[in-house]
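First the structure, in the form of structure tokens, and then the observations on it.
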Amino acid sequence: MPGVDKVLSDERLSRLAGKYPHDLLVSVIRQRLERERLSIAAGKPCASLDEIVASVLNQLEALEKPTLRRVVNASGVILHTNLGRAPLSEESLATMKAVSEGYSNLEFKLESGSRGERLVHVEGLLCQLTGAEAALVVNNNAGAVLLGLTALARRKEVVVSRGQAVEIGGGFRIPDVMRQSGARLVEVGTTNCTYARDFEQAITERTVALMRVHSSNFRLVGFTSEVTLEELVEIARKNSIIVLDDLGSGCFLDTTVYGLAPEPMVQQSVRAGAALTFFSGDKLVGGPQAGIIVGAKEYVDKLRRHPLARAVRIDKTRLAGLAVTLLHYLKEEAAVKIPVWRMIATPLKDIERRAGLWEQALGGMARVVPGETVVGGGSLPGGSLPTSLVAIGGGGKNSAQAISRKLRLGEVPVIGRINEDVLLLDPRTVLPEEDDIVVKSLRDVAGQGKKRK
Ligand SMILES: *Cc1c(COP(=O)(O)O)cnc(C)c1O
């Protein structure tokens, strides 16, 4: 096995001496040689000097490329958590850049020149939009719910319907969050049916709240019964306790206008009298990652003052982006400015036209078929929008798996989904501005396919 110096003195690497610090070169070579040592110890033959140099060069090249990159989401899931959830509006991005490239008045009052509070930049907008008395924004909704339960229900009891003690994915389980907060979860009812009397009977002198949790990613069908938020508020009032509402996605617009099932709206929750309503910034709100809490001032203030609030605080960049996103709703321009709502609102005929362009780029390898786009992000479980899909499925080297891989490894990765050996690409979840990227990638793939024949 060659030594570090031998590898380092290879012409291809010595040429890079000016480009990379010496210590970095040596460290990457050492790691490569260590792997070689292990592989030899496992009985494999030693790689040639040439192979070792080539893999060091690869490693150096990889170091320079950010691993977190832009991709095109053609998966047909609008709010795809693995693909970063909501893309942001142009105006949001511009403000986030402006606030981040220099200093900002994050916690500074320009009028008086004195210390300010970061949440003023969104609280007024949230109150205006939802009708709530007060609002608080933290890192994400999981953090918001944890903060709410810790600040209000530690060592006390919170009553939740058994059908709502759910896991929403990514390890977020309501019973676990309760335990972490120090609150005691009292589950009532059965998996499919919970009635008002179940809540009433569970209330003791240690109960502080009744909690509703959006079922997010599953739907109960058949013989089911849940207590409405209005009923919960009524029961809570009679017993001098409060209602906490984890809406999950949170939505400001009426989804039925777009042919979707109704998704509970934040405004309804506030109007019904929930003491606190929790929801995400980057699901149907369509903004940056955030946990938003709106409700009664008395309780919002308790959360604000709790030490955990600092631990789950939101940063200036996302705060700036969220403020602009909220403003889109107040100006009634959400459906044209906020990407997730633009996707939801796009008429089917526009999608069909774009699917046709993609199909052409593939030169006979694909066909357009009708399909469905799901909203995702824990909203509207089971609901979908009609769409047109580009379906690619051949055999051998042009298998759905092979083409899907080529598209993933392209300059800008294009992510589709595979269903029964057919690769499906959905234009509805792709921003129209990204069509050029997709068409180029598809042409490349089709070109490669032809060359092989
Ligand atoms: C998504 C979701 C959460 C967690 O929100 P994050 O912003 O991802 O932390 C909590 N509760 C429900 C019901 C959800 O759907």
Side-chain angles (χ1 to χ4, degrees), residues 77-88 122 126 135-150 152-153 158 160-181 183 185 187 209-220 226 229 232 243-252 255 260-266 268-269 274 276-295 303 308-309 311-315 317-319 321-322 325-326 340 374-383:
V77 180
I78 294 178
L79 293 165
H80 198 306
T81 297
N82 305 144
L83 301 182
R85 289 196 185 152
L88 302 176
V122 287
L126 281 166
L136 178 63
V137 176
V138 297
N139 179 62
N140 63 351
N141 191 34
V145 173
L146 178 64
L147 171 63
L149 289 170
T150 311
L152 301 179
V158 177
V160 181
S161 159
R162 189 155 274 128
Q164 295 178 2
V166 297
E167 167 172 328
I168 56 119
F172 186 90
R173 288 175 157 196
I174 286 296
D176 294 342
V177 176
M178 287 266 185
R179 202 170 306 119
Q180 189 62 40
S181 73
L185 167 68
E187 279 182 48
L210 310 180
M211 186 163 176
R212 179 175 81 157
V213 182
H214 190 293
S215 64
S216 291
N217 45 14
F218 78 102
R219 197 162 51 132
L220 273 181
E226 276 293 358
L229 187 64
L232 286 182
V243 171
L244 303 175
D245 192 15
D246 177 8
L247 279 183
S249 179
C251 184
F252 296 127
T255 46
L260 288 163
E263 172 72 13
M265 288 160 73
V266 182
Q268 293 167 340
S269 183
L276 294 177
T277 300
F278 306 84
F279 53 103
S280 292
D282 56 350
K283 292 183 179 173
L284 272 175
V285 171
Q289 179 187 306
I292 306 173
I293 306 162
V294 298
L303 268 55
L308 195 55
V312 294
R313 165 169 104 166
I314 188 167
D315 71 287
T317 312
R318 289 186 286 138
L319 203 54
L322 181 63
T325 305
L326 296 173
V340 299
V374 300
V375 177
S379 62
L380 304 154

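Below, all heavy atoms of this structure are taken into account, side chains as well, without hydrogens, waters or symmetry copies. Remember, it's 1-based here, ligands and their atoms both numbered in the order they're listed.
- By the salt bridge (charged side-chain N to carboxylate O under 4.0 Å, His left out) test, R179 is found to be paired with D176, residues two or more places apart in sequence or in another chain being considered.
- Applying the salt bridge (Lys or Arg N to Asp or Glu O under 4.0 Å) definition to pairs two or more places apart or across chains, none involves residues 140-149.
- Residues of the protein with a heavy atom under 4.0 Å from ligand 1 are R85, N140, N141, A142, I168, F172, H214, S216, D246, G248, S280, K283, listed by chain and number.
- For the residue pair E263/S249, the side-chain donor-acceptor check at 3.5 Å is not satisfied.
- Within 6.0 Å of CD in E167 there are more than 12 heavy atoms belonging to other residues, nucleotides or ligands.
- Counting all heavy atoms, side chain and backbone alike, V166 lies closest to P175 at O-CD, 4.2 Å.
- Among residues two or more places apart in sequence or in another chain, the ring pair (Phe, Tyr, Trp, His ring centres under 6.0 Å) test is passed with F279 by F252.
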